[in-house]
Amino acid sequence: MSKSEKAVFTNMCMIYDDNGKILVQNRLNPNWAGVTFPGGHVNKDESFSYSVIREVYEETGLTIKSPELCGIKQFQNMEDERYIVLLYKTKKFEGELQSSQEGNVFWIQRKDLFNYNLANDFEKMLEVFESENISELYYHKEEETLQSKLL
């Protein structure tokens with residue numbers, strides 16, 4: 001029995017400042033629309049850290065520095081591949097903010113986040129970004145339904 005499996009690696013980054021603001025993206029993709037953080041796929045032969053720096057730049061125009069891995073989200077997708085989202089955060093960035101075809105990006109006060117239409121399960125992901133005690137959001141099949149666990 002093989003111990004290997006197919007996997008898809010992606011990333012997401014919470015960019016914040018010292019004044020209580022966070023950068024959000026209102027995603028246009030109907031498969032996962034709503035307000036969330038910027039991020040995307042890890043390319044083959046690309047490091048995880050470089051991929052989040054590249055994705056944030058492509059989607060926001062900002063160059064982030066020292067992204068800190070703060071957790072993961074994982075589930076089996078429809079092709080039975082393990083889908084892994086590496087969750088990063090940083091307050092070190094430079095550049096001029098600009099939106100992309102992925103969606104509009106803008107700064108908001110963290111306390112105002114729930115006034116927006118959030119992407120599906122983003123609220124659970126936010127717990128991982130902000131908690132020092134939770135490092136993983138894991139979806140597993142249980143009696144043919146998808147259940148989530150914060151670990």
Side-chain angles (χ1 to χ4, degrees), residues 5-132 134-140 146 148-151:
E5 64 180 304
K6 289 188 175 186
V8 177
F9 293 100
T10 63
N11 58 57
M12 182 176 286
C13 190
M14 180 176 115
I15 304 165
Y16 61 98
D17 68 15
D18 290 326
N19 300 315
K21 289 185 178 179
I22 56 174
L23 182 68
V24 295
Q25 178 182 58
N26 190 9
R27 292 181 46 85
L28 301 174
N29 184 334
N31 293 327
W32 203 58
V35 168
T36 185
F37 296 139
H41 283 85
V42 177
N43 293 329
K44 185 177 180 178
D45 297 327
E46 181 178 49
S47 77
F48 294 143
S49 294
Y50 178 79
S51 73
V52 74
I53 293 168
R54 177 187 51 76
E55 282 289 347
V56 166
Y57 179 76
E58 290 174 2
E59 294 184 6
T60 71
L62 300 180
T63 301
I64 61 170
K65 296 181 182 185
S66 305
E68 174 189 340
L69 184 63
C70 59
I72 60 172
K73 169 186 169 181
Q74 64 171 317
F75 58 93
Q76 294 299 124
N77 67 15
M78 299 301 282
E79 291 78 34
D80 201 33
E81 299 165 319
R82 185 180 298 244
Y83 196 99
I84 299 169
V85 185
L86 302 161
L87 307 177
Y88 290 89
K89 61 184 176 182
T90 187
K91 66 178 185 176
K92 298 176 183 176
F93 59 89
E94 59 185 30
E96 189 171 322
L97 191 63
Q98 60 187 32
S99 295
S100 72
Q101 63 187 16
E102 298 288 332
N104 297 323
V105 289
F106 51 97
W107 292 98
I108 63 169
Q109 287 293 321
R110 165 59 183 92
K111 64 181 177 60
D112 296 332
L113 181 63
F114 295 105
N115 296 334
Y116 293 87
N117 180 31
L118 302 180
N120 184 41
D121 89 341
F122 182 61
E123 189 171 344
K124 289 181 183 178
M125 294 174 70
L126 192 61
E127 289 183 62
V128 179
F129 279 105
E130 295 182 330
S131 174
E132 293 189 20
I134 301 170
S135 61
E136 183 177 0
L137 173 57
Y138 173 64
Y139 286 92
H140 61 94
L146 204 56
S148 66
K149 284 186 182 178
L150 289 169
L151 307 170

**OP:** Assert yes or no for the condition that the ring centre distance of Phe37 to Tyr16 is strictly below 6.0 Å.
**Re:** no
**OP:** May I have all residue pairs that pass side chain to side chain donor-acceptor pair (under 3.5 Å) and include part of residues 81-93, sequence neighbours excluded?
**Re:** Glu5-Arg82, Asp18-Lys91, Gln74-Arg82, Asn77-Glu81
Original post:
Do Tyr116 and Ile108 touch side chain to side chain, with heavy atoms closer than 4.5 Å?
Top reply: yes
Original post:
Can you find a pair of side-chain heavy atoms, one from Val52 and one from Ile64, that are under 4.5 Å apart?
Top reply: yes
Original post:
When you look at Leu126 and Phe114, which way does the side chain to side chain contact (heavy atoms under 4.5 Å, CB included) test go after all the steps?
Top reply: CA-CA 11 Å; Leu126 192 61; Phe114 295 105; 4.0 Å; yes
**OP:** Check whether any side-chain heavy atom of Val8 sits under 4.5 Å from a side-chain heavy atom of His41, and report yes or no.
**Re:** yes
**OP:** Compare all side-chain heavy atoms of Ser100 with those of Thr60 and state whether any distance is below 4.5 angstrom.
**Re:** no
**OP:** Look up atom CG in Asn117 and atom CZ in Arg27, then write down how far apart they are to the nearest 0.5 Å.
**Re:** 13.0 Å
**OP:** Look at the side chain of Trp32 and the backbone N and O of Asn120, then say whether any donor-acceptor pair between them is shorter than 3.5 Å.
**Re:** yes
Original post:
Just how far is it from atom CG of Leu86 to atom SG of Cys13, taken to the nearest 0.5 Å?
Top reply: 11.5 Å
Subject >> Exercise: identify the closest heavy-atom pair between Pro67 and Ser49 >> reply: CG-O, 4.4 Å
**OP:** To the nearest 0.5 Å, tell me how far Ile53 CD1 sits from Glu58 CD.
**Re:** 12.5 Å
Original post:
Of all heavy-atom pairs between Val105 and Gln98, which one has the smallest distance, and what is that distance?
Top reply: CG2-O, 3.5 Å
**OP:** Starting from the C-alpha separation in whole Å, work towards a yes-or-no answer on side chain to side chain contact (heavy atoms under 4.5 Å, CB included) for Ile22 and Leu113.
**Re:** CA-CA 9 Å; Ile22 56 174; Leu113 181 63; 4.2 Å; yes
Original post:
How far does CD of Glu59 sit from CZ of Arg54, to the nearest 0.5 angstrom?
Top reply: 9.0 Å
Original post:
From Tyr138 OH over to Ile84 CD1, what is the distance, rounded to the nearest 0.5 angstrom?
Top reply: 10.5 Å
Subject >> Sub-4.5 Å side-chain heavy-atom contact between Met12 and Phe122 >> reply: yes
Subject >> Test item: Val42 and Asn11 side chains (from C-beta on) under 4.5 Å apart, heavy atoms >> reply: yes
Subject >> Point-to-point distance, once rounded to the nearest 0.5 Å, from CD of Glu127 to OG of Ser135 >> reply: 12.5 Å
Original post:
Within a strict 4.5 Å, meaning less than it, do heavy atoms of the Ser51 and Asn43 side chains meet?
Top reply: no
Subject >> Under 3.5 Å donor-acceptor, Asn29 side chain and Ala33 backbone >> reply: no
**OP:** Establish, from distance only, whether the side-chain atoms of Tyr139 and Asp121 form a donor-acceptor pair under 3.5 Å.
**Re:** yes
Original post:
With a cut-off of 6.0 Å (strictly less than), are more than 12 heavy atoms of other residues, nucleotides or ligands near CZ of Phe106?
Top reply: yes
Subject >> CD (Gln109) with more than 12 external heavy atoms under 6.0 Å >> reply: yes
Subject >> Check: Asp17 side chain, Asn19 main-chain N or O, donor-acceptor pair, under 3.5 Å >> reply: yes
Subject >> No-hydrogen, no-angle side-chain donor-acceptor test under 3.5 Å, Gln25 and Glu102 >> reply: no
Original post:
Minimum heavy-atom separation for Thr36 to Ala119, with atom names?
Top reply: CB-CB, 4.2 Å
Original post:
Does Gln101 CD have over 12 foreign heavy atoms under 6.0 Å away?
Top reply: no
**OP:** Compare all side-chain heavy atoms of Leu23 with those of Leu97 and state whether any distance is below 4.5 angstrom.
**Re:** yes
Original post:
For the rings on Phe48 and Phe9, is their centre-to-centre separation under 6.0 Å?
Top reply: yes
